[in-house]
Number of protein chains: 2
Amino acid sequence: MKFSSYEEDFIGCVLMKRGLTDTCYGLFSTLANPTRLAILEKLRIQSMNVSTLAQVLNQEQSMISHNLKPLERCALIYSERSGKEKIYSLNKDTMEKIFKAVEDHANNHCPFGGMCADSK
Amino acid sequence: MKFSSYEEDFIGCVLMKRGLTDTCYGLFSTLANPTRLAILEKLRIQSMNVSTLAQVLNQEQSMISHNLKPLERCALIYSERSGKEKIYSLNKDTMEKIFKAVEDHANNHCPFGGMCADSK
DNA sequence: TCTTCATATGAAGAAAACTTCATAAGTATT
DNA sequence: AATACTTATGAAGTTTTCTTCATATGAAGA
């Protein structure tokens, strides 16, 4: 039986204490996707349901659902039913810290108005 | 002409100011790799050259070199020649913040001694 | 400059992740 | 329970990224 990194993340999370590298790998593979990042960016502004996300991001609903799954499993977002809809919201505790670290990094290493120096 | 995400990261970095999502994507795709994370974890302890990294991580030298490249391009690590060798070091400013955010997240969401609750 | 040690690069097969389409499952209303 | 609406899932083809091997480049000493 084989598992994807998402599944391994989940399994590892349930079965054993993991090292920092493993934890990071689970989180970062989830974060390393433009659609998921776009979802997070939208949810940063306000919580919303799946079809609104699909509409706002101009993507198919199944695409959004597929991508919400790993985000929720990693607890980067939360969800809450509201009638037929499911409202997703950002885990700001975690994500604001991460966004800030990335922004700081970009500011430090892409000095001239957001452009990175040619780093080789 | 087509570009990998690493290359696009680089090009995007040089050519234009990018949104947070793009910046994140560049960084996170670089971070979403077990070998690269293992490298960062080692460099967190101490700076070292390529062959020492290869030895410590029990990986081929070419594997290490291939993986150092995107890390350096993203400025997550620095390098400095020393004779024949090239010493790589961690960008602690950025990486300690990120490691801390991940550790905090794991503590909050994997309560019982590092195990995550079954988040479905 | 020849040799040796250290690191980097190219390319190709292998593996992993993504996108899409079709459809299933959950919820509420009638 | 039939319908409509919302969200989730499965599977297959496509694309992206990884790993490995062979080899090239760079640095230093004889």
Side-chain angles (χ1 to χ4, degrees), chain A residues 1-11 25-39 43 47-74 77-89 119-120, chain B residues 1-11 25-39 43 47-74 77-89 119-120:
Chain A
M1 198 162 195
K2 299 211 32 202
F3 301 99
S4 73
S5 70
Y6 302 142
E7 288 163 341
E8 287 187 345
D9 178 41
F10 176 65
I11 293 163
Y25 182 54
L27 281 184
F28 294 142
S29 355
T30 294
L31 288 170
N33 175 289
T35 302
R36 293 196 282 276
L37 288 168
I39 290 174
L43 295 183
S47 303
M48 54 187 101
N49 65 21
V50 180
S51 42
T52 305
L53 272 171
Q55 195 177 320
V56 164
L57 295 176
N58 197 34
Q59 298 273 299
E60 303 224 341
Q61 172 267 317
S62 69
M63 165 113 222
I64 302 297
S65 279
H66 275 305
N67 282 295
L68 285 168
K69 195 154 109 176
L71 288 171
E72 183 169 22
R73 179 169 44 232
C74 287
I77 60 176
Y78 306 121
S79 73
E80 167 188 21
R81 267 232 170 254
S82 165
K84 300 180 196 174
E85 305 175 10
K86 205 164 164 188
I87 312 293
Y88 283 89
S89 58
S119 55
K120 189 214 26 322
Chain B
M1 198 161 193
K2 298 211 33 202
F3 301 98
S4 72
S5 69
Y6 301 140
E7 288 163 341
E8 286 188 344
D9 178 41
F10 175 66
I11 293 164
Y25 182 53
L27 282 184
F28 294 142
S29 355
T30 295
L31 289 169
N33 176 290
T35 302
R36 292 195 284 275
L37 288 169
I39 290 174
L43 295 182
S47 303
M48 56 187 99
N49 66 20
V50 181
S51 41
T52 304
L53 271 170
Q55 195 177 321
V56 163
L57 295 175
N58 197 35
Q59 298 273 298
E60 301 223 342
Q61 172 268 317
S62 69
M63 165 114 220
I64 300 297
S65 278
H66 276 304
N67 281 295
L68 285 168
K69 195 155 110 176
L71 287 171
E72 183 169 23
R73 179 167 45 229
C74 286
I77 61 176
Y78 306 121
S79 73
E80 167 189 19
R81 267 237 171 248
S82 165
K84 299 180 194 173
E85 307 175 9
K86 206 166 166 188
I87 312 293
Y88 283 90
S89 58
S119 54
K120 188 204 9 324

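All chains are named by letter (A, B, ...) in the order of the sequence lines, taking the proteins before the strands, and each is independently numbered beginning at 1.
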Between the protein and nucleotides 27-30 of chain D, which nitrogen or oxygen pairs come in under 3.5 angstrom?
from, atom 1, to, atom 2, distance (Å)
D:dA27, O3', B:Gly83, O, 3.4

Would you tabulate the nitrogen or oxygen pairs shorter than 3.5 Å linking the protein to nucleotides 19-21 of chain C?
from, atom 1, to, atom 2, distance (Å)
C:dT20, O4, A:His66, NE2, 3.2
C:dC21, OP2, A:Glu60, OE2, 3.2
C:dC21, N4, A:Ser62, OG, 3.1

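Between the OH atom of B:Tyr25 and the P atom of C:dA17 there is a distance of 12 Å, rounded to whole Å. One interatomic measurement links the two molecules: CG of B:Asn49 to C1' of C:dA8, which rounds to 14 Å at whole-angstrom precision. Straight-line distance from the CD1 atom of B:Ile39 to the C1' atom of D:dT19: 13 Å, rounded to whole Å. Rounded to whole Å, the distance from NZ on B:Lys69 to P on D:dT25 is 14 Å. Distance B:Glu72 CD to C:dT7 P: 13 Å, rounded to the nearest Å. When the C1' atom of C:dG26 is taken as reference, atom CG of A:Leu68 falls 16 Å away, rounded to whole Å.
In this structure, A:Ser65 reaches the bases: a heavy-atom distance under 4.0 Å links it to at least one base atom across the strands shown.
Rotation axes derived from the C1' atoms of the five outermost pairs at either end of the helix from C:dT1-D:dA30 to C:dT30-D:dA1 lie 30° apart, to the nearest 10°.
No donor-acceptor contact under 3.5 Å links the side chain of B:Gln61 to the base of C:dA6.
Of the N and O atoms on the side chains of A:Ser51 and A:Gln55, not one donor lies less than 3.5 Å from an acceptor on the other residue.
Listed pair A:Lys86 / D:dT6 fails the phosphate criterion, with no side-chain N or O lying under 4.0 Å from OP1 or OP2. Neither OP1 nor OP2 of D:dT6 sits under 4.0 Å from any side-chain N or O of A:Tyr88.
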